[in-house]
Amino acid sequence: MIQAALASGDALILEGAGTAPADIRLEGPRARVAGSIAETDAGWRATVPLRVSRWGGPLLALPSGTYRVAADGRDVHAADLVAFPRAVGEMLAVEVHGGRVIVSPPLTDADASVGGQSALEDAYARASSPLENAVMFESFYGRNASCNPRAIDAELARVAPEVTRYWSVADRSVEVPDGAVPVVEGSPEWWRVRGAARLLVVNDWLRKRFVRRPGQRVLQTWHGTPLKRLALQRPGFDPRRILAVIRESRRWDVLLAQNPYAAGILAKAYAFGRRPIWVEGYPRNDVLSTGDRDRIRRGLGVSPGERVLLYAPTWRDDRDQMVDFLDLERLAADAGAVVLVRGHSRTLVPGTDTTGSRVVDVTAYPDTSALLLAADALITDYSSVMFDFTVTGKPVYFFAPDLDHYRGKLRGFYFDLAARAPGPLTSTQEELTAALTDAGTPERYAERYASWVARFNAREDGRAAERVVARLLDQGMILRD
């Protein structure tokens, strides 16, 4: 039998009798850690850190989720791992149940309960303390600190360092920018900051209860120019969805759009009415003009001369995990490239890392924009990343074997992708490989590419974050001391 306990510093202690294993580790869908093993008078003792450094970043908590215990490469049998109740450490909570190690955010048992959250929510709704000169940022429901909010954070830190910058995070595995303060969703501090911050900057729905304080404002940056239909314009009539969309959009004071085309769609899809929409380009794309491509590639472990393909499909309404239409290892070999795989943020939690000798799963990488800069070419389907990557001038390839199903039944499109795509639209792996290995492909699509850039990337000059923060300061949404 193996006994488990949580030690200070967020380490899992595993103790067993008999001969010690040569190797012991926790393995989860997006992270894995190895333990150190020592012999004891009674058998052996393993210390497994519950913190990990990913992509050269700082040591942070393991991502929340379920982990198996593997000894010498084989799963420890459930009956051999003694259960122990949830214990809260500095950066996470952990329990052992059913032969698995379950990692969760570091909320107390009381706060994590339904009743505890209800009490915190009620206290938030009743609070009347003055606003703090602070911004609360959230990206993709706190699953990372990325996208437009992160770029705005960086510019705000540069021009107004006196402003406190909080980041809403799903757990403490999320790396926040230097100088920012992480607040775990659902914690007492998270609820306090939600009511105290002068400005909230989000790139998706706010979710949960929101009670606007006098003087409090919300900037909705959104997270992409849409090809697929959104919100009120999605196929099918659903009165509950209509009500939810209208209720959510009324929380926003300003909506950010990448281009005039997106502004028109977002205004109607979210019934935004006559409230302000700022068409300033996307702050997240500033790095595509100013970033250090070589540094990012080194961090990814990519050799200077390697060809790098970024495969970034969108999510599907009818499945949780990333699509598996491509044999990525074969694609890497046939195209003579390293393939970076970036699943949509909605597939981060339910999915698992894709593996292969020249395949690197970067779904958990902190920021997509850096990956766009590092790549030599993009492969996508219906993702809004297509509107960002063309800022770089590098080629785009489309792989869409389920085009008719997606366009006709799942979501619908705002325009005919086949007629306007700035790169080849393929439906089989063989067609995609042929396009990737044909040196003449980009030239054949040069006219379409130029038209696309003129329509969608006119404001992408590397200074979008600067313009957005200047407007926030000018309009008093945040204050400069």
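If you're wondering where the values come from, they're calculated on a predicted model, not measured in any experiment.
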Flag, side chain of Thr363 to backbone of Gly343, donor-acceptor distance under 3.5 Å: yes
Listed once per pair and sorted, the salt bridge (Lys or Arg N to Asp or Glu O under 4.0 Å) pairs that draw on residues 270-287, sequence neighbours left out: Glu280-Arg459, Glu280-Arg467, Glu280-Arg471, Arg284-Asp388
Pair Arg150, Ser139: side-chain N/O donor-acceptor within cut-off below 3.5 Å: no
Student check: side-chain heavy atoms of Tyr67 and Val103 closer than 4.5 Å: yes
Trace of the side-chain contact (heavy atoms from CB on, under 4.5 Å) decision for Val201 with Leu156: CA-CA 12 Å; Val201 177; Leu156 183 62; over 6 Å; no
Any pair counted as ring-ring contact (aromatic ring centres under 6.0 Å, His included), so long as it reaches residues 144-173, sequence neighbours left out: Phe137-Trp167
Side-chain donor/acceptor of Lys228 to backbone N/O of Ser383, under 3.5 Å: no
Which atom of Gln258 lies closest to which atom of Ala262, heavy atoms considered: N-CB, 4.4 Å
Sidechain-backbone polar pair: Thr380 side chain, Ala312 backbone, donor-acceptor under 3.5 Å: yes
Derivation of the side-chain contact (heavy atoms from CB on, under 4.5 Å) call for Leu425 and Leu403: CA-CA 10 Å; Leu425 182 61; Leu403 176 63; 4.0 Å; yes
Leu227 side chain near Met386 side chain, heavy-atom distance below 4.5 Å: yes
Minimum heavy-atom distance Thr108-Val88, with the two atoms named: CA-CG2, 4.3 Å
Minimum side-chain heavy-atom gap Pro442-Tyr397 below 4.5 Å: yes
Side-chain heavy atoms of Arg346 within contact of Tyr141, under 4.5 Å: yes
For Arg198, all residues meeting salt bridge (Lys or Arg N to Asp or Glu O under 4.0 Å), sequence neighbours excluded: none
Polar side-chain atom of Tyr449 near backbone of Lys394 as donor-acceptor pair, under 3.5 Å: yes
Expected output: side-chain Gln117 to main-chain Gly186 donor-acceptor under 3.5 Å: yes
Side-chain touch Thr441/Pro395, heavy atoms, less than 4.5 angstrom: no
Pairing residues for Ala123 by the side chain to side chain contact (heavy atoms under 4.5 Å, CB included) criterion, not counting sequence neighbours: Arg126
Evaluation steps, salt bridge (Lys or Arg N to Asp or Glu O under 4.0 Å), between Arg143 and Asp204: CA-CA 12 Å; Arg143 296 182 185 125; Asp204 212 319; over 6 Å; no
Under 3.5 Å donor-acceptor, Tyr282 side chain and Gly224 backbone: yes
Sequence neighbours excluded, every pair satisfying salt bridge (Lys or Arg N to Asp or Glu O under 4.0 Å) that has a member inside residues 184-196: Glu132-Arg192, Glu185-Arg207, Glu185-Lys208, Glu189-Arg192
Separation of Thr164 OG1 from Met136 CE (nearest 0.5 Å): 13.0 Å
Residues which pass side chain to side chain contact (heavy atoms under 4.5 Å, CB included) with Ser104, listed by chain and number, not counting sequence neighbours: Arg86, Ala93
Closest contact, heavy atoms only, Phe398 versus Ala421: CE1-CB, 3.7 Å
Heavy-atom pair of closest approach, residues Ala257 and Leu266: CB-CD1, 4.5 Å
Heavy-atom check, side chain of Thr355 versus side chain of Asp361, under 4.5 Å: no
Any donor-acceptor pair under 3.5 Å from Ser369 side chain to Val287 backbone: no
Salt-bridge present (Arg172, Asp10; N to O < 4.0 Å): no
Audit row: Asp111, Trp190, side-chain contact (heavy atoms from CB on, under 4.5 Å) steps and yes/no: CA-CA 12 Å; Asp111 289 341; Trp190 185 87; over 6 Å; no
Closest approach of Val184 to Ala170 (non-hydrogen atoms, all atoms of both residues): CG1-O, 4.0 Å
Heavy atoms from other residues, nucleotides or ligands near CD of Glu443 exceed 12 (cutoff 6.0 Å): no
Results of side chain to side chain donor-acceptor pair (under 3.5 Å) for Trp452 - residues two or more places apart only: Thr390
Chi angles and distances behind the side-chain contact (heavy atoms from CB on, under 4.5 Å) call for Tyr261, Tyr414: CA-CA 10 Å; Tyr261 157 83; Tyr414 286 110; 3.4 Å; yes
Thr368 OG1 to Leu310 CG distance, which is reported to the nearest 0.5 Å: 8.0 Å
Partners meeting side chain to side chain contact (heavy atoms under 4.5 Å, CB included) with Arg297 (sequence neighbours left out): Arg293, Val302, Glu306, Val308, Ala374, Asp376
Test: Arg209 cationic atom under 6.0 Å from Tyr124 six-membered ring centre, within 45° of axis: no
Ile152 vs Leu219 side-chain heavy atoms within contact, under 4.5 Å: yes
Salt bridge (Lys or Arg N to Asp or Glu O under 4.0 Å) contacts touching residues 395-413 (sequence neighbours left out): Arg316-Asp402, Asp317-Arg411, Asp404-Arg407
Pair Ser168-Glu138, side-chain donor/acceptor within less than 3.5 Å: yes
With Trp222 via side chain to side chain donor-acceptor pair (under 3.5 Å) - residues at least two apart: none
Contact summary for Cys147 and His223, nearest pair of heavy atoms: SG-CB, 4.1 Å
Selection residues 212-221 - residue pairs positive for side chain to side chain donor-acceptor pair (under 3.5 Å), sequence neighbours left out: Arg212-Asp253
Leu199 side, atom CG; Gln475 side, atom CD - distance, nearest 0.5 Å: 11.0 Å
Under the side chain to side chain contact (heavy atoms under 4.5 Å, CB included) test, residues paired with Ser173 that sit two or more places apart: Arg54, Pro63, Asp171
Heavy-atom donor-acceptor pair, Asn144 side chain to Ala364 backbone, under 3.5 Å: no
Crowding at CD, Glu162 (>12 non-hydrogen neighbours, <6.0 Å): yes
Backbone N/O of Leu479 and side chain of Asn133: donor-acceptor pair under 3.5 Å: yes
Parallel, tilted or perpendicular, as decided by the 30° and 60° cut-offs, for the rings of Tyr382 and Phe413: tilted
Arg30 side chain to Gly65 backbone, donor-acceptor under 3.5 Å: no
Check: Pro313 and Leu326 side chains under 4.5 Å, non-hydrogen atoms: no
Greater than 12 external heavy atoms within 6.0 Å of Asp178's CG: no
